[in-house]
Amino acid sequence: MRDLLAGEIPPTRVRRRRRRLGLPIYVGLVIAYLLVPIAVMILYSFNGSNAHLPTVTFKLQGFTTQWYRTWNKVPGLTPAFYLSLRLAVSSALTAAVLGTLLALALVRYRFRGKGLTEQILFMNIAAPEIVLGAALLGFFITLNLPKGFWTLFIAHVMFSIAYVTVTVRARLIGFDRAIEEAAQDLGATPWVTFRKVTLPLIFPAVLAGALLAFALSIDDFVTSNFVSGTTATFPLWVWGAVKVGIPPQVFVLGTMIFFVGIGFAVANLILRSRKDRAAKAPVR
Amino acid sequence: MAGAGPASLPPTAPAPVRRARRGKKIAPYLLGMPAGLWLVIFFLVPLVTMLSLSLQTCDPLTLACTLTWRWGRFGDVFSAHTTQFARSFTYAGAATVVDLVVSFPLVYWIAFRARRKSVFLMLLLVPFFVSYVIRTILWQFLLSDNGILLGSLKAAHLLPERFHVLDTGFAVVAGLAYSYFPFAALPMYVALERIDRGVIEAAFDLYAHRPTMLRRVVLPLALPGIFAAVLLTFVPASGDYVNATLLGGTGSTMIGNVIQNEFLVFSDYPSASALSAILMGIMLVGNFV
Amino acid sequence: MGHEPIPHVDPALIRGLTEPRYSRRRFLQNAGMAVGGLSLASILAACGTKGIETASNGSGGPNAGLGTPEWWGQQQLHDELRFANWAYYIDTAHGEHPSLVQFTQDTGIEVNYSEAVNDNISFFSKIRPDLQQGNDIGYDLIVSTDNDPPISQMVKLGWGIPLDQSRMTNYYAHSSKQIRDPSFDPGNAFTMGWQSGYTCMAYNSKYIQEPITSLQSLFDPKYAGKIGMMGIASEIGSIGLLAIGKDPVTATPDDWQLAADKLAAQRPMVRSYYDASYLRALKNEDIWITMAWSGDIFYAATYQGYDTLQVVMPEEGVMFWTDYMMIPYTAKNPLDAMTYMDSVFDPQVAAQIADYVGYVCPVPEAQEIIRTELDDPVVADSPTVFPTPAIEAITHHYPSWSDPAVVTGWNETFVPIFEG
């Protein structure tokens, strides 16, 4: 037993000070490693090329913004990109609504089949995407549904619901119902309470869930590959093009998606911190 | 455990309350119905259809399929591809271990030391705003024999001329580890964040050294997070085929490649469904064991 | 979090180990549901399969009644054509396709051109379910190569519209004998050739100084780790057969096994089994010697600056394949497709396309046009665009894929080599 009263500094304290530096450096390295491919992508989206049919190559041939100017000039790529956007927005919105409703049901009520629902959600998140895609394809084939935008939409909503539910549920669990009860004491009907009190307070979580669904959808490859038939989404188009050489516009679009994503994430951060501050203030 | 309804009041309760209670009873079903239906119709039923397809026999030309209850197919298909199954689990396992080991110090730091946690979490997630396919292509680009990375090292004579990372199992594992990194990091972060700081303080007060504290306090408390991380990384990684296609070479085919080929190239729906069912079955069993 | 019900055991450990918990009761519940679901699905499947069955010989097939002269007489031009093709397989300049623009100007038909085909078999498996059900696949004209089973399977299944022979004037006047009357489509009832090509070899002379003349170089340990092969069953099997001196058309299943053994022995030396992506690997210098398609190498060396890439027509032989155009029976604009198909055999148009694409041109007269009017002697004199008798002597063809047993046997022999 060390004699702390004698003023000795235990060795653990000294070690702690030195380790203070080691960990942050490690964190910095890991984050840098995560960002390296992105940096490369942004770099090469400005890389010039003299080739007749420009594709991405290693040689750095001079700075150019021409790919940004001609971002929508690659045949087939732009329609695929727009399709992915439409698909992502529609499936994210749908999944957000469905997932939020489900989260409300799971958190606030006890009902028969609740445990089963939890199991199903867990299985949905944990299942390998290839199984999801393959099963859906078999299902669509058996029902002879033509594959295209709607089968993609169905698939994307299917795998997004669980993520939205989990996100919103986490927020609902920490939700103080006293506010709702106060609103009802003041004469609000349940619907008005939901609309004016609950919804604004859980909105950041719903938004986060919707953003997650959006990212999952615009990014999705495996499931989409199975159920898209001949329709091309952005990742599917890139996959096909990579065999012969991708045009630099792919990197341009990737960079654009990246910065839009960052914009959303930053906005979400700001929104959440503001709401948190507002939520913390009145309730004592 | 099956959901019990709200406690029943004596029959002399006034009517409005009973009506409200009935409303309350069906409310969860109404709320959960749309999502529940979607999941049942487009998730559960397809899984069962997949099982059913596995038991059918299809004519290779016309693809007319009849249900023949051919249970032997599972055995046939598994023994024909044991190598790929084993390889997939090995690669996925390696990638999971790498992810856990690399991310633990990172999330520990964010959970316990960082001032602006959200910012760092965002930095962690930011690379994953770029399409999965593009990210993997970028690694293919980066790891190319004479590309930016290896090319410069070879030019500086730090590496032998014939050295290559691409088209090996290492590249596939590295790609898998990179792709599924947030799935490992986030659950662990959540678990670590929930740990009561008081417990750690108490450990230090009891003269625990840091390694001891980590081993006997933090790690056990983070175990649920670690389990979730393993599950969310290992399972998707074992079914992955994008990394194996773009980064792998001879002898790196994973079971995902086989399933994809059987479905999308050979149109051998029964075999493909059987393989998917086996993969799903192994995951379920592993999960509940 | 501060209680300890059981001494010496961490509560957190118990928590971690016990969630999620799968109790016997839940298992029985789920098992019951699974059985119920399985029966439901089998009912579904039984209902579904009746619809999937189609007649497999010409008469009464899905295209019955289509493509007769009366039927063609009733067709109207819709001024729209949806065309699916391989990448880099038509002339391109500044993001446009000049021959298509010219066609639109001449006929008023708008062409929606899509480079959707990366691989014959996967493209076929994408359109197959819809064709099976009689749905529109999104294309009025598709292209598929005769080195893989799909084109002969589609003809056999009755999925093509019989062509209007009266509108094939350019075709019969100008096309080369090589692409006429294929074995799977006698008399060009359903298909017309697009371009042809060779599966041969390529190497990078930057790393390999000695001249390569034989397929055996692909099996040379000197290049171990830098060898590329194609992960396409029809291609790798045929090259394997040529390497052991057998002709793919006359080879027996025993020969296939011998070829497969040689290919299996080669595996440790092969860097990877590619599809069309072998070109990327070759350009990036990941591989130095590989199986290749003739036009790819010609194009990369001539127009993309990869001048160290050399094409090799090995002494054991080369495989000759042709891409065929076909109108699927669910096409919405068959007359527009028909019009386009024949227009391609006008020597001027053929010259324009072949000059760019670098594959074997189906119209011999285009050679002079390319040499003089387009002023491109490099292409005109290239043996991979206009084959010489020397090459024709070593040209081999693929086995007929009409028999499903042949397809299955071939796949079972050769697929494990690259899928293993």
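The model shown is predicted, which means the values in this text are computed figures rather than measured ones. Throughout, a chain's letter reflects where its sequence line sits, starting with A, and its residues are numbered from 1.
Within the 4.5 angstrom heavy-atom criterion, only side-chain atoms of B:L138, from C-beta onward, approach chain A. At a 4.5 Å heavy-atom cutoff, the contact between A:V131 and chain B is made by backbone and side-chain atoms alike. Using a 4.5 Å cut-off between heavy atoms, B:F183 contacts chain A through its side chain alone, with no backbone atom that close. Contacts between A:V242 and chain B at a heavy-atom distance below 4.5 Å involve the side chain alone, from C-beta outward. Contact of A:I31 with chain B is made through the side chain alone, with heavy-atom distances under 4.5 Å. Contact annotation for B:L53: only side-chain heavy atoms (C-beta onward) come within less than 4.5 Å of a heavy atom of chain A. Using a 4.5 Å cut-off between heavy atoms, B:T245 contacts chain A through its side chain alone, with no backbone atom that close. Contact annotation for A:V157: both backbone and side-chain heavy atoms come within less than 4.5 Å of a heavy atom of chain B. Residue B:L246 touches chain A through its side chain alone, counting heavy-atom pairs closer than 4.5 Å. Within the 4.5 angstrom heavy-atom criterion, only side-chain atoms of B:Y178, from C-beta onward, approach chain A. Of the atoms belonging to A:D220, not a single heavy atom falls under 4.5 Å from chain B.
Your options are B:L121, B:I110, B:V102, B:L232, and the one with the most heavy-atom pairs under 4.5 Å with chain A is B:V102. When each of B:V242, B:L124, B:L231 is scored by its heavy-atom pairs under 4.5 Å with chain A, the top score falls to B:V242. Between chain A and the options B:G239, B:P236, B:P105, B:S276, heavy-atom pairs under 4.5 Å are most frequent for B:P105. By number of non-hydrogen pairs under 4.5 angstrom with chain A, the leading residue of B:M33, B:M283, B:Q260 is B:Q260.
By the 4.5 Å heavy-atom criterion applied to side chains, B:L31 and A:R108 are not counted as neighbours. The shortest distance between side-chain heavy atoms of A:Y26 and B:W109 does not fall below 4.5 Å. When side chains are defined from C-beta on, A:V238 does not count as touching B:S131, because their heavy atoms never get closer than 4.5 Å. The closest side-chain heavy-atom distance from A:F234 to B:I134 is below 4.5 Å. The shortest distance between side-chain heavy atoms of B:I41 and A:M158 does not fall below 4.5 Å.
Using cut-offs of 30° and 60° on the angle between ring planes, the pair B:Y241 and A:W239 is perpendicular. Ring-plane geometry between B:F42 and A:F140 is classed as tilted, the angle between the planes lying from 30 to 60 degrees on a 0 to 90 degree scale.
Within the structure, side chain to side chain donor-acceptor pair (under 3.5 Å) pairs that include any residue of residues 120-132 of chain A comprise A:E129-A:T223 (at least two apart or interchain).
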With side-chain contact (heavy atoms from CB on, under 4.5 Å) as the test, would you mind laying out the steps for B:I137 and A:M41 before giving the verdict?
CA-CA 10 Å; B:I137 291 175; A:M41 175 181 75; over 6 Å; no

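With sequence neighbours left out, the salt bridge (Lys or Arg N to Asp or Glu O under 4.0 Å) criterion links B:E193 to no other residue.
No donor-acceptor pair closer than 3.5 Å links the side chain of A:Y109 to the backbone N or O of B:Y29.
Rounding to the nearest 0.5 angstrom, the gap separating the CZ atom in B:F263 from the CG atom in A:L137 is 5.0 Å.
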